[in-house]
Amino acid sequence: MQHFIDVIIPIPLPKLFTYSITASEAGFLSVGMRVSVPFGKSKIYTGIVSKIHNEAPTVYEAKEIHQILDDAPIVNEKQLQLWQWIASYYMCTLGDVMRAALPSAFILESETVITKNKQTIDESILKDDEFLVYEALHHQSSLKIHDVSNILDKKNVLPVIKRLIEKEAITVEEEVYEKYKPKLVRYVKLHANFSSETALQKLLDDLSRAPKQRDVVLTLFSISAKTKKPIKVSDLSEESNASVSIIKTLIDKGVFEEYHIQTDRVQYSGDDNEDSKNLNSYQKSALSDIKASFETHAVTLLHGVTSSGKTEVYVKLIEDAINNGKQVLYLLPEIALTTQLVTRLQNYFGKQVAIFHSKYSAHERVEVWNNVLKNSAKAQIVLGARSSIFLPFSNLELIVVDEEHEQSFKQFDPAPRYHARDTAIVLGNMHSAKVLLGSATPSLESYFNAKQNKYGLVELMQRYNDVMMPEIELVDIQEKLKKKRMKGHFSDRLIEEISETLKAGQQVILFQNRRGFSPIVECKTCGHSPQCPNCDVSLTYHQYRNQLRCHYCGYVMAMLQDCMACGSQDIDNKGFGTEQIEEEVKQLFPDYKVARMDLDTTRGKYGYEKIITALEQQQIDILVGTQMLTKGLDFRNVRLVGIMNADNMLNFPDFRAHERSFQLMLQVSGRAGRTDERGKVLIQTYNPHHNILQQVSTNSYIEMFNEQMDDRYNYKYPPVYKQIKITLKHKDYNRVDVASIWLAKSLRQIFADNVLGPESPPIARIRNQFHKNILVKIPKQQSLLKTKEAIIKINNSFFSIKDFRSVKVILNVDNF
Ligand code: ADP
Ligand code: ZN
Ligand code: ZN
């Protein structure tokens, strides 16, 4: 009898390849183990065994495998099931999923580049062939697999490389992410012993023979009189013209007290774990509601306002799960942006928390993978971004999806274009685990599912410690303009509030929405921006043709000469960015430290963390920033949040624009006044009566939900309809144009009016490739599976046309 295996290879092939194996190999191999296999003329790939059987392929002769790479499976059956689901649901290949799922150190292939590990190892543990490779890396900084073949004079070198990786002698080359340690800034204050008038007088008398020290004490006073902020040692030294050693003498004498601003973000020291907090009565009832809901609904949504203490509730559920010896997955939108939370969980659970992030080094990722695979105590709780749904869980009891509304859970590029929240629900189902989705501003999808009783719903509507929700004030900039009360982009109200906040020694955050690539047109007099008659989205301005276009249905009109609403000719299509706000605010408040947080300023290594640390340590008075500011940050001293212009968010050309604006504004508002003092939020807008703004200012999620759902029904958008976006790309415009028209026409023959496009996106050419989009809308009662089968069939006929073969077609299911 002949033996064969079907192998998943990390390249986008529609079918799996079959290789032949010997009887003894068949006895040894199991599904989920790695093998190295030849492919094409000379390539070698690492593949995963997906099936062991006895049926020879009919259309080609099965090649033999090169080598078995594992003694035991590194991928379990449940994972393979999940891969299968992802490939079929998101319309991609298993090879695509494999490449996204496995740490790259697991996928050795002919193109892999290896380098020597920085730490030297004990060479005596290396076998002869391993040593030869290791030795070669002393002379050359890196080697390719085929170089290794030459050195060892044999073809099958992957096992040697795999062993070298396991012995930590080498690593595969890739971007490495190191941990950031914030620098602690030293501050001083007068020791409490000298707080009384008499004690102070006596101190100054005593210091009369040490005039320099006396000077320093007096300088400290004059600075504190001017500012209520903490005083840095370096500033005091500069102002008083005294050396740091004089300040140190005063500290040693007990005149001054030295301190650091304590933040929650200190690196986990590995010492004793903290006990979790006692929940207040609201949190307690939320917790018991969640447990009750889990009895009937494996997926439950926790709708809890910002700062209500959702995290502490998650912590209790996690404790239960790990006390049962089970695994927990805690999903976060972006790890790099949530260092505060990482530290919080490490303080509670210490070494049981493993962090998994695509930017961690290959070695760290393999380590977490193996710990999860072994169900080791070291990875009982995995805290990770979206790719952590791919880890080899075997014993999962709880999945928490924090900030479930966040867009970044969806992968855009490359395939698999999966949504980690939705995939986590499928994963949970496979393990019979409970899934808790948490947010202060749930996605319409999740809230809709909760209303339909598909998910359970639990609410937590009180902020912890009864801190009040910030007071939200809408500022009508149209009126301010008329009354000449604007300085640049700042209304008199905003300037007043900023001044007051700064005087009180507190901090300000100014939020400016990052504009998409598509500029919208806005009347400077009345704020109106032209809408598409069919889609309820703003039209985008296309400078090239001087046209206004709808991103969704292709509606086109000539650029306006005057405003359709008020007739004014003062029409603006430029928009203003964070940079301009930063400039203006620096001029308005020259005595204060202003910083900016956006893609430009956070690009460098640790750019983001540096700014967060500076804000925490109060080295920044005013922070101007984009979306990034909304990610669950907890700043004690921020009292005022200013939203520079709500309209450019609301008018963004996307059917989710209103939902997103609501979420963004409430999330940024949540950054204000997290302590006993009530925070304040100022929203500048041309349309203070816009329903979304009214709903934000009264924190009326339900009203927003109901109103937005009406639109989604009327215009057939998710979550009422599902949708698949098809993008075609080619460097030749005519070819992609003809191809997209052909494809849309074929799709219309089956799906009729539920096909929109083809439409050129606002940036019609990216990297010299012209794009065309087609949208397929899928009613709830239409079978998703059959729809996808039909699309695949049409796609196949498409590629049988010679002219279209070079056109790239990208399928994005549940596109965002
Ligand atoms: P959310 O995640 O809902 O925005 P957090 O969990 O971050 O809220 O809680 C807000 C703040 O309140 C945090 O600083 C947290 O430490 C504190 N907090 C929440 N619950 C408790 C509790 N039961 N005991 C003490 N402090 C708490
Ligand atoms: Zn339209
Ligand atoms: Zn107008």
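Numbering of ligands and ligand atoms starts at 1, following listing order. Atom set for the values below is all heavy atoms of this structure, side chains included, hydrogens, waters and symmetry mates excluded.
- Ligand 1 is approached by S308 to a heavy-atom distance shorter than 4.0 Å.
- R417 places a side-chain N or O within donor-acceptor distance of the main-chain N or O of F412, the cut-off being under 3.5 Å.
- Comparing T311, L302, N280, N465 against atom 2 (O) of ligand 1, the shortest heavy-atom distance belongs to T311.
- The nearest pair of heavy atoms linking I355 to V368 is O-CG2, 3.6 Å.
- Under a 4.0 Å criterion applied to the non-hydrogen atoms of V305, ligand 1 contributes the atoms 3 (O).
- The two atoms that bring I389 and L82 nearest to each other are O-CD2, 3.7 Å, heavy atoms only.
- Contacts between T306 and ligand 1, counted as non-hydrogen atom pairs separated by less than 4.0 Å, involve the backbone only.
- Closest approach of R493 to K680, counting heavy atoms only: NH2-NZ, 3.7 Å.
- Ion pairing between a basic and an acidic side chain is recognised when a charged N comes within 4.0 Å of a carboxylate O; K291 and E295 show no such pairing.
- In this structure, R344 counts as a contact residue of ligand 1, since one of its heavy atoms falls inside 4.0 Å of the ligand.
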Open item on the list: Would F349 and Y330 count as a ring-ring contact (aromatic ring centres under 6.0 Å, His included) here? Give the steps.
Closed with: CA-CA 13 Å; F349 299 109; Y330 191 125; 9.5 Å; no
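- Close contacts of ligand 1 with S307, meaning ligand atoms under 4.0 Å from a residue heavy atom, involve 1 (P), 3 (O), 4 (O), 8 (O), 10 (C).
- Closest approach of H658 to I692, counting heavy atoms only: O-CD1, 3.6 Å.
- Heavy-atom separations between L460 and ligand 1 are all 4.0 Å or longer.
- Near L279, meaning under 4.0 Å from one of its heavy atoms, ligand 1 places the atoms 23 (N).
- Contact annotation for K310 and ligand 1: heavy atoms of both the backbone and the side chain come within less than 4.0 Å of the ligand.
- Annotation: N278 places an N or O atom under 3.5 Å from an N or O atom of ligand 1; distance criterion only.
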